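Written below as structure tokens is the structure these notes are about.
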Amino acid sequence: AAHVTGVDIAPEAVAHARAAYGGRTNVRFVQASAAALPLADASIDVAVSFETIEHLPRALQPRMLAELARVLTPAGVLVLSAPDPAQYSLARGYRNPHHLHEPSRDELDALLAAHFSARRWQRQRRWFGSALWREDRGDMTFEAWTGDGAQVAPAELPPAMYVVAVAARDAAALPAPGPALTLFTDRDEAELARVDARAAEVLRLDALLA
């Protein structure tokens, strides 16, 4: 990017970002609310908001999206993610104390539709399975299966823990569709090591109880 502006309502978050990344000449950080962005009209090409909207009260969420629409150029693109409460909260019986309102997928779509007529959706979640890669990479098509010892079948699209929307005022402004499936793992597989360590601890405690 030619220039990036980071906005956060917490002064300590802005201070940390400035200390950690202040040496980059094309980046600046400002303290402000997402519902009152300190940016000029039609001044940015891409807005990125990951897990932000649920931290605002329900009454301010339309204002946040109106602000994002205001600062985007006519051909600008918004990339926004949010937890889907059906899986993130209800299915797990969990409440994040920092979330003031988690809009449902349909509610979020309606909020976006007020400003962005073109919307493309993706589902994000952790997924446990076995991965098999061709060494020559090839055309990078993929297949996904589910089953048990008796049979296998094509895997259905899993429910979303988070939804990710790419939105614009016009469909022509949306980037070309990316891969149908994107996988990511941390380079050192620290998360897998953490899960394995917890499993080992459960086995150790079980042996002690026995």
Side-chain angles (χ1 to χ4, degrees), residues 4-14 16-17 29 31-37 44 46-72 76-129 131 142 144 146 155-168 174-175 177-186 189-192 194-195 198:
V4 177
T5 298
V7 179
D8 199 287
I9 199 169
E12 60 272 23
V14 173
H16 170 78
F29 302 97
Q31 189 268 322
S33 168
L37 295 173
I44 63 172
V46 179
V48 178
S49 173
F50 289 155
E51 329 298 89
T52 307
I53 194 167
E54 68 273 12
H55 293 272
L56 276 71
R58 186 173 193 171
L60 279 183
Q61 291 180 359
R63 180 61 187 164
M64 171 184 163
L65 292 176
E67 278 290 272
L68 289 167
R70 177 185 66 80
V71 301
L72 279 167
V77 173
L78 167 65
V79 183
L80 180 145
S81 71
D84 187 328
Q87 289 292 314
Y88 183 89
S89 296
L90 297 177
R92 301 191 296 166
Y94 170 72
R95 181 185 179 278
N96 188 318
H98 303 291
H99 291 184
L100 302 184
H101 175 65
E102 296 170 1
S104 69
R105 161 69 164 74
D106 291 342
E107 184 182 356
L108 185 58
D109 190 50
L111 288 169
L112 288 166
H115 305 282
F116 305 98
S117 60
R119 298 175 303 284
R120 183 182 297 141
W121 292 89
Q122 277 107 131
R123 300 181 182 187
Q124 179 184 15
R125 66 175 298 121
R126 295 201 304 176
W127 185 81
F128 182 78
F142 79 94
T146 186
E156 298 291 333
L157 193 65
M161 182 69 74
Y162 303 89
V163 291
V164 183
V166 181
L174 291 176
L181 174 67
T182 299
L183 302 174
F184 176 82
T185 185
D186 57 297
E189 294 192 329
E191 177 66 8
L192 180 60
R194 184 187 68 82
V195 172
R198 291 183 65 181

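Just so we're clear, the structure is a prediction, and the values are computed from it rather than from any experiment. Counting from 1, the numbers follow the sequence of the chain as shown.
- Scored by the side-chain hydrogen bond (donor to acceptor under 3.5 Å, both in side chains) test, Q122 finds no partners at all (sequence neighbours excluded).
- Residue pairs meeting the salt bridge (charged side-chain N to carboxylate O under 4.0 Å, His left out) criterion with at least one member in residues 55-69, sequence neighbours excluded: R58-E107, R63-E67, E67-R70.
- A distance of 4.5 Å separates CD1 of I44 from CG of L72, quoted to the nearest 0.5 Å.
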Identify every side-chain donor-acceptor pair in residues 4-12 under 3.5 Å, counting partners at least two apart or on other chains, and give the distances.
{"residue": "T5", "atom": "OG1", "partner": "R28", "partner atom": "NE", "Å": "3.2"}
{"residue": "D8", "atom": "OD1", "partner": "A10", "partner atom": "N", "Å": "2.8"}

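- Closest of all the heavy-atom pairs between L56 and A35 is CD2-CB, 4.3 Å.
- For the atom pair CG of L80 and CG of L68, the computed distance is 7.5 Å after rounding to the nearest 0.5 Å.
- Looking only at atom types and distance, the side chain of E51 has a donor-acceptor partner in the side chain of S81 under 3.5 Å away.
- In this structure, the side chain of Q124 does not engage the main chain of A82 through any donor-acceptor pair within 3.5 Å.
- Residues that satisfy the side-chain contact (heavy atoms from CB on, under 4.5 Å) test with V195, not counting sequence neighbours, are E191.
- One finds the CG atom of D109 at 9.5 Å from the OG atom of S104 (value rounded to the nearest 0.5 Å).
- At a threshold of 4.5 Å between non-hydrogen side-chain atoms, the residues L112 and L78 count as touching.
- Shown here are the side-chain contact (heavy atoms from CB on, under 4.5 Å) partners of A160, two or more places apart in sequence or in another chain: D84, R123, V163.
- With sequence neighbours excluded, the residues forming a side-chain contact (heavy atoms from CB on, under 4.5 Å) with A118 are A171, L174, listed by chain and number.
- More than 12 heavy atoms of other shown residues, nucleotides or ligands fall within 6.0 angstrom of atom CZ in R194.
- S89 pairs by the side-chain hydrogen bond (donor to acceptor under 3.5 Å, both in side chains) definition with E102, not counting sequence neighbours.
- Under the ring pair (Phe, Tyr, Trp, His ring centres under 6.0 Å) criterion, F142 pairs with no residue at all, not counting sequence neighbours.
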Apply the test side-chain contact (heavy atoms from CB on, under 4.5 Å) to residues R125 and Q87: give CA-CA distance (whole Å), side-chain angles for both, the deciding distance (0.1 Å), then the verdict. CA-CA 10 Å; R125 66 175 298 121; Q87 289 292 314; 3.7 Å; yes

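- Sequence neighbours left out, not one pair with a member in residues 103-123 passes ring pair (Phe, Tyr, Trp, His ring centres under 6.0 Å).
- Looking at residues two or more places apart in sequence or on another chain, you find a ring pair (Phe, Tyr, Trp, His ring centres under 6.0 Å) between Y88 and Y94, H99, Y162.
- A pairwise comparison of heavy atoms in G76 and A168 identifies O-CB, 3.7 Å as the closest pair.
- Proximity of L192 to T185: side-chain heavy atoms (C-beta onward) are nowhere separated by under 4.5 Å.
- Taking CD from E54 and NE2 from H101, the interatomic distance works out to 10.5 Å, rounded to the nearest 0.5 Å.
- Smallest separation of non-hydrogen atoms from P103 and P85: O-CD, 3.3 Å.
- For L100, the side-chain contact (heavy atoms from CB on, under 4.5 Å) test picks out P57, with sequence neighbours left out.
- For R92, there are no salt bridge (charged side-chain N to carboxylate O under 4.0 Å, His left out) partners, not counting sequence neighbours.
- The closest donor-acceptor contact from the side chain of R120 to the backbone of P175 lies under 3.5 Å.
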